[in-house]
Protein chains: 2
Amino acid sequence: MTSHPSSQNIKLAVDAVIFSIKDGDLQVLLIQMKKSPFTGDWAIPGGIIDDSETTIEAAERILKTQTGVSNVYLEQLMTFDDVNRDPAGRVVSVAHVALLPNTQAKLETTEKYQDVRWWPVKKLPKLAYDHKQILQVALDRLTAKIQYTNIAWSLLPLHFSLTELQAVYETILDKPLDKRNFRKRIAALDLIEPSGKKREGGAFRPAELYKFKEKTLKYVEIT
Amino acid sequence: MTSHPSSQNIKLAVDAVIFSIKDGDLQVLLIQMKKSPFTGDWAIPGGIIDDSETTIEAAERILKTQTGVSNVYLEQLMTFDDVNRDPAGRVVSVAHVALLPNTQAKLETTEKYQDVRWWPVKKLPKLAYDHKQILQVALDRLTAKIQYTNIAWSLLPLHFSLTELQAVYETILDKPLDKRNFRKRIAALDLIEPSGKKREGGAFRPAELYKFKEKTLKYVEIT
DNA sequence: TCAAAAGTGTTCCTGTTACACCCATGA
DNA sequence: TCATGGGTGTAACAGGAACACTTTTGA
């Protein structure tokens with residue numbers, strides 16, 4: 001609520017679980033740690049918040065510097081506050097979820113980390129801190145949210161085919177969907193419109209490309 | 001994530017939006033402030049986190065000391081971090097939602113506040129800080145969660161009639177429900193069982209009293 | 001016997017699921 | 001002309017919504 005005479009010794013951090021769909025898998029962007037006691041382990045990008053920035057701003061800044069990605073969808077996930085979650089001291093972390101289309105943005109990290117790369121969520125390496133738990137909560141959130149919002153736009157490029165849209169749902173929900181029923185539902189939701197373009201080049205009928213009418217979070221009903 | 005050389009000057013607080021159903025209304029427990037610049041305004045109970053407690057523990061402690069209530073359902077809501085949300089300095093607050101049955105617990109606050117009382121969410125006084133926003137988010141969460149979880153148990157006494165259970169849903173959803181359809185859905189969910197007791201005393205047929213099989217959060221499907 | 005809340009089934013309707021074939025294109 | 005993914009409609013089914021009367025009790 002407000003200031004307090006006694007001095008508090010808690011650091012406030014942000015973490016960002018970054019998802020994208022690559023090679024037909026849901027993948028997460030992780031950085032590899034140098035610092036003990038997690039040397040070699042992988043971690044969700046994160047860092048300490050500056051006094052004058054919000055947590056979302058901090059997450060954007062840290063994403064940019066630690067992984068090279070920017071301009072992504074970001075939402076607050078949950079705050080993780082176990083007293084011993086960081087062996088170096090009391091650190092409370094406001095975790096976020098970031099979603100981005102499958103673009104080939106160049107990944108780059110700082111000298112503080114060994115490496116950055118995408119990992120399929122089904123084949124994760126050993127994770128530092130409580131990041132396994134954070135990732136699980138993020139995954140649950142994404143799985144739930146794809147079903148009752150239009151959030152798929154954040155995982156797709158500007159123009160996309162209905163098959164590509166369906167693949168996003170199938171990948172996240174981890175189950176096949178019926179093509180005709182899927183298209184009926186999407187049509188009923190009235191969230192997308194034809195872009196006039198077509199995806200050509202394959203040895204088959206070109207796909208009509210669509211775009212989202214609005215790229216802002218909307219609550220809808222999808223099964 | 002971890003410690004950082006530069007010193008951070010952010011205080012970490014918790015707030016707790018406490019809901020209960022009283023007199024057929026959804027009500028929220030607020031405390032009245034003495035301190036400038038919010039003198040006379042009402043606020044969600046809250047305070048600074050101690051170094052060695054989790055946010056949930058802090059919320060429990062603060063609820064007890066600032067309002068006298070304890071033993072409630074508590075869950076993390078969202079973290080509020082606008083840079084200027086507290087005029088006294090940078091304070092990031094991890095907001096929680098607390099739910100309690102309509103018991104007649106004695107309310108008591110500390111000398112730092114003028115008063116504690118329940119307010120119907122439809123007739124709120126002027127709120128301090130960003131507490132109007134926090135309360136709105138809490139209300140949205142409760143309205144959503146009553147529909148897909150068994151969380152109603154946290155708002156009811158151990159034994160309750162089906163009519164009382166229905167009233168909880170009707171109050172939170174703010175709309176009347178069909179008695180027969182409601183009972184069918186509840187029966188299908190298999191979350192409650194007859195307690196063998198009856199609510200007697202009225203000039204009418206006594207109601208069978210039920211109890212929840214489990215008082216832990218379960219995800220279900222209710223319309 | 002009256003007033004008040006408790007308790008109980010059926011029908012209709014709407015939305016979800018299951019399912020198979022023709023289309024357009026490039027090789 | 002063939003292989004490939006793109007695109008389309010209908011019938012069966014299940015779950016949700018609408019709806020009214022009888023029961024039990026205390027006064």
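Order of the sequence lines fixes the chain letters, A, B, ..., with proteins taken first and strands second; residue numbering starts at 1 for each chain.
We find that B:Arg85 and B:Asp15 are joined by a salt bridge, their nearest charged nitrogen and carboxylate oxygen being less than 4.0 Å apart. Residues B:Asp190 and B:Lys213 are paired through a salt bridge, judged by an N-O separation under 4.0 Å between the basic side chain and the carboxylate. Contact check on A:Lys145 versus A:Glu75 returns a salt bridge, with a Lys/Arg side-chain nitrogen under 4.0 Å from an Asp/Glu carboxylate oxygen.
Under the ring-ring contact (aromatic ring centres under 6.0 Å, His included) criterion, A:Tyr73 pairs with A:Trp153, sequence neighbours left out. Taking B:Trp118 as the reference, nothing meets the ring-ring contact (aromatic ring centres under 6.0 Å, His included) condition, with sequence neighbours excluded.
Here the P atom of nucleotide C:dG7 and the CD atom of B:Gln166 are 11 Å apart, to the nearest Å. Rounded to whole Å, the distance from CZ on A:Arg199 to C1' on D:dG7 is 16 Å. The CZ-C1' distance, from A:Arg185 to C:dT14, rounds to 15 Å in whole Å. Protein atom OH of A:Tyr210 is 12 Å distant from nucleotide atom P of D:dG6, rounded to whole Å. Separating the CZ atom of B:Arg183 from the P atom of D:dC19 is a distance of 19 Å, rounded to the nearest angstrom. Residue A:Leu177 contributes atom CG, which lies 15 Å from atom P of D:dG6 at whole-angstrom precision. In this structure, A:Glu164 places its CD atom 12 Å from C1' of D:dG5, rounding to the nearest Å. What separates CG of B:Leu209 from P of C:dA6 is a distance of 11 Å, to the nearest Å.
Look at B:Thr163 and you won't find any side-chain N or O under 4.0 angstrom from OP1 or OP2 of C:dA5.
Of the options B:Val72, B:Ile172, B:Leu100, B:Leu99, a side chain to side chain contact (heavy atoms under 4.5 Å, CB included) to B:Phe19 is made by B:Leu99 and by none of the others.
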Point to revise | Under 4.0 Å protein heavy-atom contacts per nucleotide of nucleotides 18-27 of chain C, with B for base, S for backbone only and - for none | key: BBB--BBBS-

